[in-house]
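Computed from a prediction, not measured in an experiment: that's the story for all the values here. Just so you know, ligand 1 is whichever comes first in the structure, and atom 1 is the first atom listed for that ligand.
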Amino acid sequence: YYMFVFNYSQQFDKCFSDKSISIGIVPTMGALHDGHLSLIKKALSENDKVLVTIFVNPTQFDDNLDLKSYPNELEKDLDKISQFGENISVFTPDKSDVYGDEIHAKQYDLKELDNIMEGKIRKGHFQGVATVVEYFLKTFSPTKAYFGEKDYQQLLIIKHLSKSLNLPTKIVGCPIVRATDGLAMSSRNLLLSPEERKIAPEVYTGLKLAVKLAKKEKYKKIQTEVRAFFQNLSLIKLEYFIATDPFTLVEFKPNETIKSGRGFIAASLGEIRLIDNINMS
Ligand code: AMP
């Protein structure tokens, strides 16, 4: 490859010794798809150099099976990234480089943002995310860091983290990239069976139904209707549909109307969990 691929954070200085350049970082867990590539493109358009990290972070998995089955496609990933030319580098650290000998998450006060939705179901997940993101931001001091709205709760938590740690990096949110049938792109989509993949876009249909209902109905009615929509579908099990304030993630009250909000769904198809969200204003 023309591009610089490195495994030890110390090697970074070789490539980025010029402190006057701007650096955009795009943290990923690999198995790259068009959602990841959209973040990389945006980062390249806004910075002199871009650093993509590929690291399946063990401390953000609450489920060992999920960690073990997480797709690994490093060679394909490097091919995809190398098409972007020479201003891009890839960091593929080993667990020990990030964590030393003890692989555990630090504990952060995430202001309750981590105790709802994904944080409620995936215990400790966001503490693991925060640990690895702090590591990347402190190690590389990038100008900007790019995260997808696909993981909207994660994006807000990282914005909070960066602010509370006084880190200089600007956190940039990027819109959700979808397959033509509406399914939000995700590395985990690779794990769906053909039947599951066929029905998976209904997650997005459920979110669009919520947006439509919000024009006339209160939150309670929207929830009832969205739940009923999923009850009528086979293969998909709705875990939650929740609508919140888009900045604080405070859930609406049953009798509230939703003028400015964000709708969130988590659903499982067999062993695979999918999440998606939508702007509800
Ligand atoms: P992951 O590899 O799943 O940890 O994702 C790495 C980054 O890509 C995260 O900031 C995600 O939010 C973002 N991302 C993943 N899927 C999408 C998507 N479909 N659209 C936009 N961003 C995405």
Do the ring planes of F140 and F91 sit parallel (below 30°), tilted (30 to 60°) or perpendicular (above 60°)?
perpendicular

Do Y108 and S164 have side-chain atoms, one donor and one acceptor, less than 3.5 Å apart?
no

Atom-level proximity to ligand 1, residues with heavy atom under 4.0 Å
P27, T28, M29, H33, G35, H36, L39, Y70, F147, G148, K150, D151, Q154, P175, I176, V177, M185

For the pair D66 and R122, find out whether any cationic side-chain nitrogen is under 4.0 Å from an anionic carboxylate oxygen.
yes

Qualifying residues under ring-ring contact (aromatic ring centres under 6.0 Å, His included), relative to F147, sequence neighbours excluded
none

With K237, which residues qualify under side chain to side chain donor-acceptor pair (under 3.5 Å), at least two apart?
none

Go through the structure and list residues passing ring-ring contact (aromatic ring centres under 6.0 Å, His included) with F61, not counting sequence neighbours.
Y70

